[in-house]
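Have a look at the structure below, then the notes.
Residue numbers begin at 1 in each chain, while the letters A, B, ... track the order of the sequences. Just the heavy atoms: all of them, side chains too, but no hydrogens, waters or symmetry mates, feed the values below.
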Number of protein chains: 2
Amino acid sequence: MNSIVSMLRERGIQPTPQRMAVAEFIFGIKSHLSADQVLEQVRSKCPTISRATVYNTLNLLVEKKLLKAQVLKEGTVVFDSNVQQHHHFIDEETGEIYDIPWEALRVTGEKSLRNFRVRELQVILRGKRIKK
Amino acid sequence: MNSIVSMLRERGIQPTPQRMAVAEFIFGIKSHLSADQVLEQVRSKCPTISRATVYNTLNLLVEKKLLKAQVLKEGTVVFDSNVQQHHHFIDEETGEIYDIPWEALRVTGEKSLRNFRVRELQVILRGKRIKK
DNA sequence: TCTATATTTAGACATTGTCAAACATTTTTC
DNA sequence: GAAAAATGTTTGACAATGTCTAAATATAGA
């Protein structure tokens with residue numbers, strides 16, 4: 001039985017062909033893509049899908065906590081299939097986004113902030129990725 | 001002598017009336033506004049200024065390090081007249097952005113990241129601002 | 001002043017995102 | 001089981017953000 005079908009059904013999402021095409025694509029990659037980049041890729045499997053449906057589906061998956069929308073790039077939201085807490089590194093030359101494991105960094109002091117109830121936090125690092 | 005005029009001249013920026021209007025406005029507020037919000041406000045002082053000039057001027061001030069462009073809001077860059085290192089808190093209900101002083105938080109571990117040369121970092125906190 | 005350079009402008013264009021209406025599906029009623 | 005109603009899904013058209021160009025305007029230097 002297709003695991004993505006049950007994943008969607010568990011959250012009360014009807015697995016229409018369009019939604020399946022989007023979900024199968026986005027859960028099959030690790031990169032951080034914009035909605036239009038997802039559209040472009042999904043169209044190769046499902047050429048008639050509309051832009052609005054891709055946007056609707058991605059936002060629905062975010063609402064159902066299967067996906068996370070991240071504000072990391074200028075001008076566009078990117079979608080992250082990693083919904084665990086983690087940080088991000090952005091290569092300033094290429095724009096490429098890399099996940100940094102939660103355990104790699106430690107942030108302290110947010111508990112002492114008066115006037116702010118912190119629900120989540122992340123560190124955004126910028127610099128140059130070093131080719132190994 | 002007007003301090004903004006000398007500030008611009010020091011960086012080799014000709015202080016035209018349009019640039020002065022943008023600079024006086026943006027350096028006189030603490031909020032984080034988008035280019036179109038700046039346009040709207042500046043037009044009340046200088047009604048004939050064009051959208052392109054506001055975009056050009058803001059980007060020029062960023063290039064000359066008098067302003068920092070921040071990717072904090074979906075869909076638009078915001079401009080921050082605080083160019084010192086600091087963190088940001090975003091109220092998830094209102095979208096309001098608050099500066100968090102650099103000293104309020106401590107981040108450790110970024111020196112040990114293999115494969116990444118970190119040039120700058122900031123913590124992005126999200127939650128609810130508590131009315132005092 | 002004349003000339004070269006710098007700046008501003010309106011509008012065209014590209015990209016990202018939203019919305020109301022059209023369309024399809026499921027449920028209810030008989 | 002068919003028709004009607006309610007619900008859910010998809011779509012094209014539209015709005016907002018940002019960049020670019022070419023023409024007009026302003027400024028600085030000889």
What is the per-nucleotide protein-contact pattern of nucleotides 7-24 of chain C, from the 5' end, where B denotes a base atom under 4.0 Å from a protein heavy atom, S denotes such proximity for sugar-phosphate atoms only, and - denotes neither? SSBB-----BBBB-----
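The ring pair (Phe, Tyr, Trp, His ring centres under 6.0 Å) search around B:Tyr98 returns A:Phe116, not counting sequence neighbours. With sequence neighbours left out, the ring pair (Phe, Tyr, Trp, His ring centres under 6.0 Å) criterion links B:His86 to B:His88.
The distance between atom CG of B:Leu39 and atom C1' of D:dG18, rounded to the nearest whole Å, is 12 Å.
Donor-acceptor pairing under 3.5 Å is lacking for the side chains of A:Ser3 and A:Ser6.
With respect to B:Leu67, the side-chain contact (heavy atoms from CB on, under 4.5 Å) criterion is satisfied by exactly one of B:Asn82, B:Asp80, B:Leu61, B:Leu60: B:Leu61.
A heavy-atom distance below 4.5 Å is not found between the side chains of A:Tyr55 and A:Val38.
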